[in-house]
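What follows is one structure encoded as structure tokens, with my remarks underneath.
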Amino acid sequence: MGRIAYVNGAYVRHADAAVHIEDRGYQLADAIYEVWSMSDGKLCDPEGHFARLERSLGELSIDMPMSRAALTTVLRETVRRNHIREGLVYLQVSRGVAPRDHAFPAQPVPPAVVVTVKRVDPGAAEARAAAGVGVLTTPENRWGRCDIKTVGLLPNVLAKQAARAAGAGEAWFVDDEGNVTEGASSNAWIVTADGVLVTRDTSANILRGVTRATLLEVARSENIRIEERAFSLEEALSAREAFFTGAGALVMPVVAIDGRSIGTGRPGPVATRLRSLYIEGARAAAI
Ligand code: PDD
């Protein structure tokens with residue numbers, strides 16, 4: 001059974017799916033995206049991702065290409081046609097197709113919409129989480145609007161590639177003050193030596209992770225002490241635990257940063273428990 005993509009109103013064979021060469025997403029990264037994790041064929045954290053999608057589009061003055069209800073139908077139908085139960089749903093919306101010009105097209109064009117679905121092996125993901133991953137740090141070199149989920153991801157791409165080349169699972173950006181901002185495709189967390197759960201506040205230049213927001217609720221319901229604030233690389237290195245969150249990673253324990261062991265050098269109890277509570281809750285609330 002071949003893969004299917006949704007492209008501008010049609011379900012097409014993935015191998016044949018194409019966008020126009022003057023799509024502004026392709027030429028100028030004038031596009032935003034969302035990623036939903038999918039459990040048993042359903043979308044996890046739907047509300048958070050739709051709300052952020054609308055916000056990202058609003059910040060760039062791109063219209064919602066269709067109603068939330070219609071978009072939900074498209075996402076689900078793409079999932080159904082791919083016969084995938086566990087994986088990731090990717091939505092990209094660009095400003096549309098127009099002759100290349102940095103400024104917006106004088107005559108508005110319809111946004112271009114693409115949806116793809118990727119299978120994830122839940123067994124392999126659990127094995128990875130059980131082992132934990134390493135993180136490589138890299139200087140923060142991104143623009144000032146990381147709160148918008150744009151496809152302009154080149155610094156993230158280079159950081160992730162450097163991490164992979166070093167045998168690490170994620171890259172963490174560290175700003176000029178020596179504080180961790182976030183991961184190349186995830187939000188960063190630590191559990192301090194005295195048991196406080198810390199993640200960067202969203203007034204910083206980071207993406208407001210949907211998994212992050214849901215996990216904060218989970219942690220609150222577990223009566224875990226939480227601080228949303230900057231934490232330094234130094235503090236992370238002396239933390240009891242570290243982990244990162246995102247639609248792809250869910251909750252991923254970090255066992256080393258720049259080759260230095262974190263805590264016991266094995267996934268910590270807080271991260272491990274939060275991962276299973278997150279997955280359980282997200283599954284129950286998926287649509
Ligand atoms: N990335 N920070 C960055 C830079 C991200 O790209 C992501 C998600 C997150 C976590 O956000 P959320 O919990 O809403 O997924 C934080 C997605 C998964 C991606 O680019 O594939």
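All ligand and atom numbering here is 1-based and tracks the order in the structure.
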Query - Heavy-atom nearest neighbour of atom 9 (C) of ligand 1 within options Gly209, Ala249, Ser186 - result: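 Considering heavy atoms of Gly209, Ala249, Ser186, the nearest to atom 9 (C) of ligand 1 sits in Ser186.
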Query raised in the report: Just going by heavy-atom distances, which of Arg142, Lys149, Arg212, Arg208 is nearest to atom 8 (C) of ligand 1?
Result: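 Among Arg142, Lys149, Arg212, Arg208, the closest heavy atom to atom 8 (C) of ligand 1 belongs to Lys149.
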[X] heavy atoms, cut-off 4.0 Å: which ligand 1 atoms fall inside?
| X | result |
| --- | --- |
| His49 | 14 (O) |
| Ala184 | 4 (C), 6 (O) |
| Val35 | 19 (C), 21 (O) |
| Gly183 | 4 (C) |
| Asn187 | 10 (C), 16 (C) |
| Ala247 | 12 (P), 13 (O), 15 (O) |

Identity and separation of the nearest protein heavy atom to [atom]:
| atom | value |
| --- | --- |
| atom 18 (C) of ligand 1 | Gly248 N, 3.9 Å |
| atom 13 (O) of ligand 1 | Thr211 OG1, 2.6 Å |
| atom 2 (N) of ligand 1 | Glu182 OE1, 2.6 Å |
| atom 6 (O) of ligand 1 | Ser185 CA, 3.4 Å |

Would you check if the side chain of [X] reaches a backbone N or O of [Y] as a donor-acceptor pair within less than 3.5 Å?
| X | Y | answer |
| --- | --- | --- |
| Arg225 | Asp194 | yes |
| Arg24 | His102 | yes |
| Thr138 | Ala159 | no |
| Asp175 | Glu177 | yes |
| Asn82 | Ile84 | no |

Can you tell which part of [X] has a heavy atom less than 4.0 Å from ligand 1: side chain, backbone, both or neither?
| X | result |
| --- | --- |
| Thr245 | backbone |
| Cys146 | neither |
| Val210 | both |
| Tyr33 | side chain |

Side chains of [X] and [Y] in contact at under 4.5 Å (non-hydrogen atoms):
| X | Y | value |
| --- | --- | --- |
| Arg142 | Glu182 | yes |
| Arg3 | Arg119 | no |
| Arg68 | Glu47 | yes |

Requested in this report: Go through the structure and list residues passing side chain to side chain contact (heavy atoms under 4.5 Å, CB included) with Val198, not counting sequence neighbours.
Outcome: Ile190, Thr192, Val196, Glu227, Arg229, Phe231
Requested in this report: Would you indicate whether Arg260, at its atom CZ, is surrounded by more than 12 heavy atoms from other residues, nucleotides or ligands within a distance under 6.0 Å?
Outcome: no
Query - Set of residues satisfying ring-ring contact (aromatic ring centres under 6.0 Å, His included) with respect to Phe243, sequence neighbours excluded - result: Trp189
Query - Residue-ligand contact Arg52/ligand 1, heavy atom below 4.0 Å - result: yes
